[in-house]
Amino acid sequence: MDQPPVNVSTLRRMKGDKEPIACITAYDASFALLVDRAGSDLVLVGDSLGMVVQGHDTTVPVTVDHMIYHSRLVARGLSRAFLVVDMPFMSYTSPDQALDNAVRLMQEGGAMMVKLEGGAGQVAIVEHLTRHDIPVCAHLGLKPQSVHKLGGFKVQGREAEQARKMADDALALQNAGADIVLLECVPNEVGQSVTESLHVPVIGIGAGPGVDGQILVLYDLLGITQGRMPRFVRNFMVDADSVPEAISLYVNAVKDRSYPASEHCFS
Ligand code: KIV
């Protein structure tokens with residue numbers, strides 16, 4: 001029997017029940033269908049599409065129009081998974097600009113939630129979106145849109161002070177109304193302590209096993225992405241005979257907590 005569509009309450013219930021949340025990125029309808037059929041609970045149209053689809057070195061060149069285009073494609077392939085769409089670089093510099101762009105992502109792109117990068121500095125934006133009933137995912141840790149400021153794609157929160165600030169930011173964003181927190185590239189201990197301190201689900205990518213769910217970039221888990229892979233990536237094609245099988249292996253590995261293993265973690 002068809003399973004009911006996932007929504008924010010489903011994700012909160014899963015956190016409460018300690019049921020791992022499996023998430024994958026997708027950028028078109030065919031892959032969205034496969035990811036949905038494999039049982040991914042959440043699908044993200046990530047601005048990583050700037051790198052893995054468009055061939056840029058960073059996500060900075062991605063625009064709201066690009067996100068809407070890909071989100072429309074993905075929305076057509078989904079029947080159960082919850083659709084989250086990234087707000088690209090400089091599309092949320094003020095509360096009003098963020099609201100205008102979030103509305104476009106929802107109305108034109110079919111997004112059910114928008115994701116934005118940033119810490120306590122984004123509290124006013126998250127409050128404004130929340131006041132208008134727009135679900136928000138707050139992305140902390142390694143923020144790829146800030147790569148030129150960070151000086152590269154590096155693990156974040158290794159120092160105690162930085163880790164404490166990240167935890168404070170996560171709490172502030174939850175209190176501002178964020179429905180999900182996403183943590184990228186942080187030590188296991190930071191992933192676990194932020195997860196324990198929040199009542200909203202925490203999804204990790206390179207954040208260790210102690211978070212409520214895992215996400216990977218689809219092309220990374222299929223071994224398509226060229227160049228040096230981050231430590232947290234596992235190529236699931238190595239153990240699969242087909243793309244659908246590799247995606248199912250990933251979902252199952254998240255569900256039975258065999259991914260991430262210690263070799264995919266930072267401590
Ligand atoms: O853009 C993206 O795909 C993301 C993931 C890395 C979480 O933000």
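First listed ligand is number 1; within each ligand, the first listed atom is number 1.
The distance from ligand 1 to the heavy atoms of H139 drops below 4.0 Å at these ligand atoms: 8 (O). Distances below 4.0 Å separate heavy atoms of I205 from the following atoms of ligand 1: 6 (C). The G46 neighbourhood of ligand 1 comprises atoms 1 (O), 2 (C), 3 (O), with distances under 4.0 Å to a heavy atom of that residue. Using a 4.0 Å cut-off to heavy atoms of D86, the atoms of ligand 1 that qualify are 1 (O), 2 (C), 8 (O). Close approach of ligand 1 to T25 (heavy-atom distance below 4.0 Å) involves ligand atoms 3 (O).
In this structure, the protein non-hydrogen atom closest to atom 2 (C) of ligand 1 is S48 OG, 3.3 Å.
No part of L49 comes within 4.0 Å of ligand 1, judged by heavy-atom distances. When non-hydrogen atoms are compared, ligand 1 lies under 4.0 Å from the side chain of L44 (C-beta onward) but not from its backbone.
Summarising the local packing, CZ of R37 is surrounded by 12 or fewer heavy atoms from other residues, nucleotides or ligands at distances under 6.0 Å. More than 12 heavy atoms of other residues, nucleotides or ligands shown are found within 6.0 angstrom of CD on E263. The 12-atom threshold is exceeded at CG of D17, counting heavy atoms of other residues, nucleotides or ligands nearer than 6.0 Å. Within 6.0 Å of CG on D241 lie no more than 12 heavy atoms contributed by other residues, nucleotides or ligands.
A heavy-atom separation below 4.0 Å is found between K115 and ligand 1.
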_For a side-chain contact (heavy atoms from CB on, under 4.5 Å) check, start with the C-alpha distance between M51 and T59, then their side-chain angles and the critical distance, and finish with the verdict._
CA-CA 6 Å; M51 299 170 77; T59 60; 4.0 Å; yes
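Donor-acceptor pairing under 3.5 Å is recorded for the side chains of Q54 and H66.
For the pair D169 and K165, the salt-bridge criterion is met [side-chain N within less than 4.0 Å of a carboxylate O].
Residue E184 has no N or O atom closer than 3.5 Å to an N or O atom of ligand 1. Considering backbone and side-chain atoms together, D47 places an N or O closer than 3.5 Å to an N or O of ligand 1.
Proximity of the aromatic rings of H132 and H128 is defined here by a centroid distance below 6.0 angstrom, and this criterion is met.
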